[in-house]
Amino acid sequence: MSEEKSLNFIEEIVEADLNSGKYNSILTRFPPEPNGYLHIGHAKSICLNFGLAKKYGGRTNLRFDDTNPITEETEYVESIKEDVKWLGFDWAEELYASNYFEQIYQFAVQLIEKGLAYVDDSNSETIALEKGTPTQPGIENTFRSRTVAENLQLFADMRAGKFKDGEKVVRAKIDMASPNMHMRDPIIYRIKHAHHHRTGDAWCIYPMYDFAHGQSDSIENITHSICTLEFIPHRPLYDWCIEKLEIFPSKQYEFARLNMTYTVMSKRKLLQLVNENHVNGWDDPRMSTISAMRRRGYPAESIREFCDKIGVAKRENLIDLSLLEFCVRERLNKTALRRMVVFDPLKIVITNYPDTTEYLESENNPEDLATGTRSIPFSKVIFVEKDDFMEVAPKKYFRLSPGQMVRLKSAYIIKCDEAIKDSDGNITELHCSYIPESKSGSDTSGINVKGTLQWVNAATAIKAEIRLYDRLFKVEDVANAEGDFKDYINPDSLQVISNAYAEPALQSDDPSVAFQFIRKGYFVIDRDSTNEHLVFNRTVSLKDGWAKEAKKA
RNA sequence: UGCCUGAUAGUAUAAUGGUAGUACGACUGUUUUUGGUACAGUUUGUCUUGGUUCGAAUCCAGGUCGGGCAACCA
């Protein structure tokens, strides 16, 4: 007996349509405009559209909504395809609204023939003025009463390139007094003498979103066209076009887009961050883009899990970034290989240890013993983290302090005997002694210590660059913060540690796997990394119970 | 002073006229050679006022508050 998980409102609609026999199977679509990189908000839409089809045995098209040649580029098309694939989804067909330009043109001709569209010579200011305001109806201008024949001729002339940009538009003839602004004779075609990334210079007129999206849905026989809340006022127009054109009745449904704390999601803002060099490109690991998260080391599975957890509803929301981080840790804890790295070294001399090197075994992942063990060199001189020593320790501090004992992970228990200082009083190294009987796996010492530290053997340590990322913004709700969102950029969102000391295994490890640096966090090799110069990104830190405890004090 | 849309713990989300539940967070404790993990427990909620009903988060009416709509963007 499996516990039935409750359905979200769109799943309920789909099930009802399937049960009533309205559809035998469903067809959804993910319809990005190729004018930027996909972000985590798109991931929600992708998981919804593809997930629905997967759950109900339907299919999903990837359709590029490429009706504005000015902003769209092939680079974006490629990145979008890569991101969708990486997220783990396969589309039924790769399609483009621009595939349908001829058909959409004919749709407009049909509307003109029915007396339901006209060519307007007004400029944009006039059109805006005549449109009225939300509380005042618009007015009908003289172009509205042009004859069908005249409209047909003018539209053909527009297509033939006889007019300059902005000289004429085609408008649907609906209702200039409608309480819905989108129904006040919306523009459906405009002139743009611009090169299109797919159709080249074949067209100089392009359909507007409202005359391309629903039409494309209908041409493809999309059953459930799912979009975000801000398109609700467009739905009457979506339905109007389908009705007047007498084409396949795709239905539009709207859900609340994802908002996340400490980040921005709008393409405009992301583009600004890139162009003004607040970050290093679209895949800078601090960005909310899919490519950034991939580079940072977020597993695709974690992103899918996150999208599943946040649910689908119509209420506006602001999701904690920490929920995404939870999903990332949950996954990585089970898969990441444990390694030891010291970011800020403090030298320890184990005074009673012989002048030899010994090899110790350590498990690669205690959560998955099938990953086996590795051997780690150990000798008289090692490094530990500077933070793991305090000359005067507070209570409940389980690390190194004069007279205090700790376990070195997978090695021995050591006791801190003396802190050595230079002439300025700075601590330069620690002299410790080890308990020979306390070796990991064969401990007969009977000593129990509270703290276990990661360490690296000084003689065999390799150097690595570590990039630590923090949230990109200082405030939770960036989009709703007063003033310019860039004023809230966190100046410390990137911290580079250029000379960390790592255990030698990392030199030869598979660069595509995720690591957990013990007590530090999860890390992946960055694409900037080379054999000579290792570079790691911190994917996410570990939960730090001590930091919380210390803050309280 | 128009139209559309929404409101359930801190954040999300479920309960579809019949016990307000789940996840994350927070807090306790147990385990632990990662102050991690795992496990157990605790905490906090139906925007408001009326109405219908044996019974309302759910249905009805009014109010309050939030979001969207007046691009030749999508």
Side-chain angles (χ1 to χ4, degrees), chain A residues 5-8 12 31-33 35 65-68 70-72 120 122-124 127-129 131-138 165-171 178-184 187-192 205-206 208-210 212-213 227-236 254 256 261 267-268 309-320 322-327 329-330 333-334 338 340 362-363 366-367 396-399 406-411 413 438 440-441 443 448-454 476 516-521 541-550:
Chain A
K5 206 198 164 195
S6 56
L7 305 176
N8 66 48
E12 282 177 7
E33 183 189 14
N35 66 346
D65 227 340
D66 55 350
T67 56
N68 185 359
I70 312 285
T71 56
E72 297 155 6
D120 191 330
S122 313
N123 61 33
S124 57
I127 289 177
L129 222 55
K131 209 159 204 172
T133 69
T135 52
Q136 283 176 303
D165 287 9
E167 276 188 0
K168 287 181 168 44
V169 292
V170 179
R171 293 226 254 168
S178 171
N180 180 344
M181 298 295 292
H182 294 275
M183 299 298 273
R184 319 243 265 227
I187 293 169
I188 61 173
Y189 259 96
R190 78 286 216 192
I191 299 170
K192 274 181 194 284
I205 57 171
Y206 293 92
M208 296 286 287
Y209 167 85
D210 283 311
H213 198 98
C227 60
T228 46
L229 254 26
E230 65 268 29
F231 290 99
I232 289 177
H234 295 250
R235 190 181 345 120
E254 310 87 7
T261 55
K267 277 189 194 170
R268 202 195 93 243
K309 276 189 154 68
I310 59 178
V312 176
K314 300 187 89 144
R315 169 167 41 148
E316 305 279 342
N317 57 76
L318 180 62
I319 310 269
D320 279 352
S322 60
L323 181 60
L324 212 207
E325 292 179 338
F326 166 81
C327 295
R329 290 191 186 105
E330 186 183 43
N333 177 49
K334 297 191 185 99
R338 311 292 130 120
M340 294 201 284
S362 188
E363 67 275 8
E367 306 290 320
K396 285 162 95 182
Y397 184 80
F398 305 140
R399 309 177 188 184
V406 298
R407 155 82 57 189
L408 294 175
K409 172 70 183 171
S410 296
I413 291 173
S438 68
S440 269
D443 185 349
N448 262 320
V449 294
K450 282 266 176 62
T452 300
L453 308 185
Q454 91 280 18
E476 280 203 338
Q516 185 199 98
F517 295 171
I518 290 176
R519 301 209 304 138
K520 286 289 177 186
S541 64
L542 251 28
K543 252 169 77 176
D544 190 346
W546 169 246
K548 243 186 268 173
E549 188 69 30

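Below, read A as the first sequence line, B as the second, and so on, with proteins coming before strands; counting in each chain starts at 1. Quick caveat, the model's predicted, so the values are computed rather than measured.
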**Student:** Strictly below 4.0 Å: does A:Lys450 bring a side-chain N or O up to OP1 or OP2 of B:rU33?
**Tutor:** no
**Student:** Determine yes or no for a side-chain-to-main-chain donor-acceptor pair under 3.5 angstrom, with A:Arg329 supplying the side chain and A:Ser541 the backbone.
**Tutor:** yes
**Student:** Remember a base hit wins even if backbone is also touched, and classify A:Pro32 as base, sugar-phosphate or nothing at under 4.0 Å, heavy atoms.
**Tutor:**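 The residue A:Pro32 makes no contact with any strand.
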**Student:** Can you say whether a donor on the side chain of A:Arg329 sits under 3.5 Å from an acceptor on the base of B:rG36, or the other way round?
**Tutor:** no
**Student:** Look at the side chain of A:Lys409 and decide which nucleotide, out of B:rA12, B:rU33, B:rA71, has an atom nearest to it.
**Tutor:**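 Among B:rA12, B:rU33, B:rA71, the one nearest the side chain of A:Lys409 is B:rU33.
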**Student:** Do any side-chain nitrogens or oxygens of A:Lys309 fall under 4.0 Å of OP1 or OP2 in B:rU11?
**Tutor:** no
**Student:** Is a donor-acceptor pair below 3.5 Å formed from side chain A:His234 to base B:rA74, judging by atom type as modelled?
**Tutor:** yes
**Student:** Find the runs of at least 3 consecutive base pairs, i with j, i+1 with j-1 and so on, that include RNA chain B, using Watson-Crick or G-U wobble geometry with both distances under 3.5 Å.
**Tutor:** B:2-7 with B:64-69, B:10-13 with B:21-24, B:26-30 with B:38-42, B:47-51 with B:59-63
**Student:** Does OP1 or OP2 of B:rA71 have a side-chain N or O of A:Arg268 closer than 4.0 Å?
**Tutor:** no
**Student:** As a test of reading the structure: which of B:rG68, B:rU33, B:rG67 is closest to the side chain of A:Ser440, going by heavy atoms?
**Tutor:**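 Out of B:rG68, B:rU33, B:rG67, the nucleotide with an atom closest to A:Ser440's side chain is B:rU33.
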**Student:** Quick one: which of B:rC24, B:rC73, B:rG35 gets closest to the side chain of A:Glu33?
**Tutor:** B:rC73
**Student:** Under a 4.0 Å N-O cut-off, is there an ion pair linking A:Lys409 with A:Glu363?
**Tutor:**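 The answer is yes: the pair qualifies as a salt bridge.
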**Student:** Could you tell me whether A:Glu33 and A:Lys267 make a salt bridge, using a distance below 4.0 angstrom between a side-chain N and a carboxylate O?
**Tutor:**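 Judged by the 4.0 Å cut-off on N to carboxylate O distance, A:Glu33 and A:Lys267 do not form a salt bridge.
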**Student:** Does A:Lys543 place a side-chain N or O at less than 4.0 Å from the phosphate oxygens OP1/OP2 of B:rG35?
**Tutor:** no
**Student:** Out of B:rG35, B:rG25, B:rA74, which has the shortest distance to the side chain of A:Asp65?
**Tutor:** B:rA74
**Student:** Give the nucleotide from the list B:rC24, B:rU34, B:rA74 with an atom nearest to the side chain of A:Thr452.
**Tutor:** B:rU34
**Student:** Base, sugar-phosphate or nothing for A:Leu453? Non-hydrogen atoms, less than 4.0 Å.
**Tutor:** nothing
**Student:** I'd like to know if A:Arg407 reaches the base of B:rU33 with its side chain such that a donor and an acceptor end up less than 3.5 angstrom apart.
**Tutor:**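 Pair found.
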**Student:** Would you indicate what A:Gly451 reaches in the nucleic acid, counting non-hydrogen atoms under 4.0 angstrom: base, sugar-phosphate, or nothing?
**Tutor:** nothing
**Student:** OP1, OP2 of B:rA38 versus side-chain N and O of A:Lys334: anything below 4.0 Å?
**Tutor:**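 Result: no.
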**Student:** Using the side-chain heavy atoms of A:Asp544, tell me which of these nucleotides is nearest: B:rG35, B:rG36, B:rC27.
**Tutor:**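 Looking only at heavy atoms from C-beta outward on A:Asp544, the closest nucleotide is B:rG35.
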**Student:** Ignoring hydrogens and angles, does a donor from either the side chain of A:Glu254 or the base of B:rU5 sit under 3.5 Å from an acceptor on the other?
**Tutor:** no
**Student:** So, does A:Thr135 get its side chain near the phosphate of B:rC3, meaning an N or O under 4.0 Å from OP1 or OP2?
**Tutor:**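 No.
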**Student:** Would you indicate, yes or no, if B:rU34 has its OP1 or OP2 atom less than 4.0 angstrom from a side-chain nitrogen or oxygen of A:Arg338?
**Tutor:**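 No, A:Arg338 has no side-chain N/O under 4.0 Å of OP1/OP2 on B:rU34.
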**Student:** Any stacking of A:Tyr209 on B:rA74, going by centres under 5.5 angstrom and planes within less than 30 degrees?
**Tutor:** no
**Student:** Closest to the A:Ile310 side chain: B:rA12, B:rA74, B:rG6?
**Tutor:**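 Comparing B:rA12, B:rA74, B:rG6 against the side chain of A:Ile310, the answer is B:rA12.
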**Student:** Is there a donor-acceptor pair under 3.5 Å between the side chain of A:Gln136 and the backbone N or O of A:Gly132?
**Tutor:** no
**Student:** With a non-hydrogen cut-off below 4.0 angstrom, is A:Lys396 in contact with a base, only sugar-phosphate, or nothing?
**Tutor:** base
**Student:** Quick one: sort the A:His234 and A:Tyr209 rings into parallel, tilted or perpendicular, breaks at 30° and 60°.
**Tutor:**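 Perpendicular, since the angle between the ring planes exceeds 60°.
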